[in-house]
Colleague: 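Please read through the structure below; I'll follow up with questions.
Protein chains get the first letters and strands the later ones, always in sequence-line order, with residue 1 at the start of each.
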2 protein chains.
Amino acid sequence: MARRNDHSRDEIRAMALSAAEALLDREGVAGLSTRKIAAEIGYTVGSLYLVFDNLDDLILQVNARTLAALAEWLDRAALAQPDAAAGVRALGRTYVRYADRHRSRWELIFNRQRASDAVLPDWYLQSVAGLFERVERQLADYAPQRTAADRSLAARVLWSGVHGVCTLALSDRLDIAGIAEAERLTDSLIENYLAGWVNNSGEWQMVREDT
Amino acid sequence: MARRNDHSRDEIRAMALSAAEALLDREGVAGLSTRKIAAEIGYTVGSLYLVFDNLDDLILQVNARTLAALAEWLDRAALAQPDAAAGVRALGRTYVRYADRHRSRWELIFNRQRASDAVLPDWYLQSVAGLFERVERQLADYAPQRTAADRSLAARVLWSGVHGVCTLALSDRLDIAGIAEAERLTDSLIENYLAGWVNNSGEWQMVREDT
DNA sequence: ACCTGAACACCGTTCAAGT
DNA sequence: ACCTGAACACCGTTCAAGT
């Protein structure tokens, strides 16, 4: 066990992240712990703190990997779609499938509450923004006449909506039975939202009651 | 402190649930613990286990109260709306506002992973279904020509979508800055989805590629 | 310099023992 | 019968001590 200079800091970091992913896949989000990760890589808990600030930092780096993998899935899916509407649908379905396939890794991104003072680092926020821009790019194709602000809002609505379907589907709520149902809901969301949106000047957004 | 027969089981149960809510509001989801709840009501941890199966059971009963309160908010909001579309929008906004106002209680419903074998009791699932039916009822008004299955799907899409907006907005993702932005996204989601949906025969749902 | 091992302050849960 | 107090098996995090 305990040894010196067997691994560089970067090696230990990489080993820990892989061990965390394995643990996550095997035991779920609740099964993740610094002590288990340390045991898995043959080091003591203390050593993890030489390489990570704390568990939240470690998790953030696992999440970064997850986001990168999701980005690859999305890029593959968006390729070779007949049109932009199909592109958006493909992105939505791919998100659902990724979440289903790597459920615990996906849950880890959302199901952990960080300390409220802990601000997400810039590189992380940009990684999230990158995912989100893939939707915006499809929308630019789909509705070039709309303003960038309109498209940005629509992209956020669609992204949030698909995310919501995933959240409820993968936790078996609303009788959304598994991935097939989740994909149906995602299709319906995107198809109908886009149909309404493309015919909509955006002016209704000015009409807000003060209820 | 330690006393006998000061309170009935039901009284202890009610005290514990109230203490849990207070703790939740004060310290957030992460601040909730059996030991703190017990201390707050002047009993020992062990006593909680005479009245609840375990922490998950206690949380489930806190969640039931939260759902009941949300149902009241939704009912008040749906009253006196000019039409069904406005009714759906009012439900959406009210959901967002409730989540914002009682953030920790709302998070508790979703942010805790129960053991995978733990099945939600029937009374709880029916309470969730009840919320959801409020949307379906508005949709029945809005599009009486659509089948019940169509409306059920649309209601789930809208509910999931609004939920997704909340999730991402209240965790400050996608640059969704707080409740005002969340309400804008919710409005856009509902308005455009309904516009697309009401003009849509539903046949596109049959056209599914096998990507 | 690198890593350990033990400590600290917390958890959820159980259960013999007290009244 | 009701409730406690201590125990058990876990946590995340820190840090003096060892090599």
Colleague: Report which part of the nucleic acid B:Ile12 touches: base, sugar-phosphate, or nothing (heavy-atom distance under 4.0 Å, all strands).
Modeller: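 B:Ile12: backbone/sugar contact only, no base atoms under 4.0 Å.
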Colleague: Is it true that A:Asp187 and A:Arg184 have a side-chain N and a carboxylate O under 4.0 angstrom from each other?
Modeller: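 Answer for the salt bridge query: no.
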Colleague: Rounded to whole Å, how long is the line connecting atom CG of B:Leu48 with atom P of D:dT4?
Modeller: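 In whole Å, D:dT4 P lies 10 Å from B:Leu48 CG.
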Colleague: Whole Å only: how far is the CZ atom of A:Arg13 from the P atom of C:dC2?
Modeller: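 So the CZ-P distance, A:Arg13 to C:dC2, works out to 13 Å.
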Colleague: Counting side-chain heavy atoms from CB outward, which of C:dT4, D:dG5, D:dC11 is closest to B:Thr44?
Modeller: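 For the B:Thr44 side chain, the nearest candidate turns out to be D:dG5.
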Colleague: Between C1' on D:dC3 and CG on B:Asp6, what's the gap in Å once rounded to a whole number?
Modeller: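 From B:Asp6 CG to D:dC3 C1': 11 Å.
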Colleague: Could you tell me which nucleotide pairs with C:dC10 by Watson-Crick or G-U wobble geometry, both distances under 3.5 Å, or answer none if nothing does?
Modeller: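 Here C:dC10 is not engaged in any pair, so there is no nucleotide opposite it.
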Colleague: Using heavy-atom distances to pick each residue's nearest nucleotide on DNA chain D, tell me which of A:Lys36 and B:Arg9 is more 5'.
Modeller: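 Nearest nucleotide further toward 5': that of B:Arg9.
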Colleague: Could you tell me how the ring of A:Phe110 sits relative to the ring of A:His163: parallel (under 30°), tilted (30 to 60°) or perpendicular (over 60°)?
Modeller: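 Correct class here is tilted.
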Colleague: For B:Arg65, does the CZ atom have more than 12 heavy-atom neighbours from other residues, nucleotides or ligands under 6.0 Å away?
Modeller: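 Counting other residues, nucleotides and ligands, CZ of B:Arg65 exceeds 12 neighbours.
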Colleague: Could you check how far CD1 of B:Ile41 sits from C1' of D:dC2, rounded to whole Å?
Modeller: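 In whole Å, D:dC2 C1' and B:Ile41 CD1 are 14 Å from each other.
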Colleague: Using a strict threshold of under 4.0 Å (side-chain N to carboxylate O), is an ion pair present between B:Arg105 and B:Asp25?
Modeller: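 Salt bridge: yes.
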Colleague: Dump the pairs, protein N or O against N or O of nucleotides 13-15 of chain D, anything under 3.5 Å, distances to one decimal.
Modeller:
unit_1, atom_1, unit_2, atom_2, d
D:dT13, OP2, A:Tyr49, OH, 2.5
D:dT13, OP2, A:Leu55, N, 2.8
D:dT13, O5', A:Tyr49, OH, 3.1

Colleague: How close or far is atom P of C:dC2 from atom OH of A:Tyr43, stated in whole angstroms?
Modeller: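 For the pair A:Tyr43 OH and C:dC2 P, the rounded distance is 11 Å.
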Colleague: Is the cationic atom of A:Arg101 (NZ for Lys, CZ for Arg) positioned less than 6.0 Å from the six-membered ring centroid of A:Trp73 and within 45 degrees of its normal?
Modeller: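 No, A:Arg101 does not lie over the aromatic ring of A:Trp73.
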Colleague: Is any side-chain N of the basic residue among A:Arg97 and A:Asp100 closer than 4.0 Å to the acidic one's carboxylate O?
Modeller: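 A salt bridge is absent here (no side-chain N lies under 4.0 Å from a carboxylate O).
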Colleague: What is the separation between atom CD1 on A:Ile37 and atom P on D:dG12, rounded to the nearest whole Å?
Modeller: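 Value for this atom pair: 8 Å.
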Colleague: For B:His7 and D:dT4, give me the distance from atom NE2 to atom P, rounded to whole Å.
Modeller: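 Interatomic distance, NE2 of B:His7 to P of D:dT4: 10 Å.
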Colleague: Mind checking who C:dG18 pairs with, Watson-Crick or G-U wobble, both distances under 3.5 Å?
Modeller: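 The answer is D:dC2, by the H-bond criterion.
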Colleague: Distance only, no hydrogens: is a donor on one side chain within 3.5 Å (strictly under) of an acceptor on the other, for A:Ser188 and B:Tyr193?
Modeller: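 Side-chain D/A pair, A:Ser188 to B:Tyr193: present.
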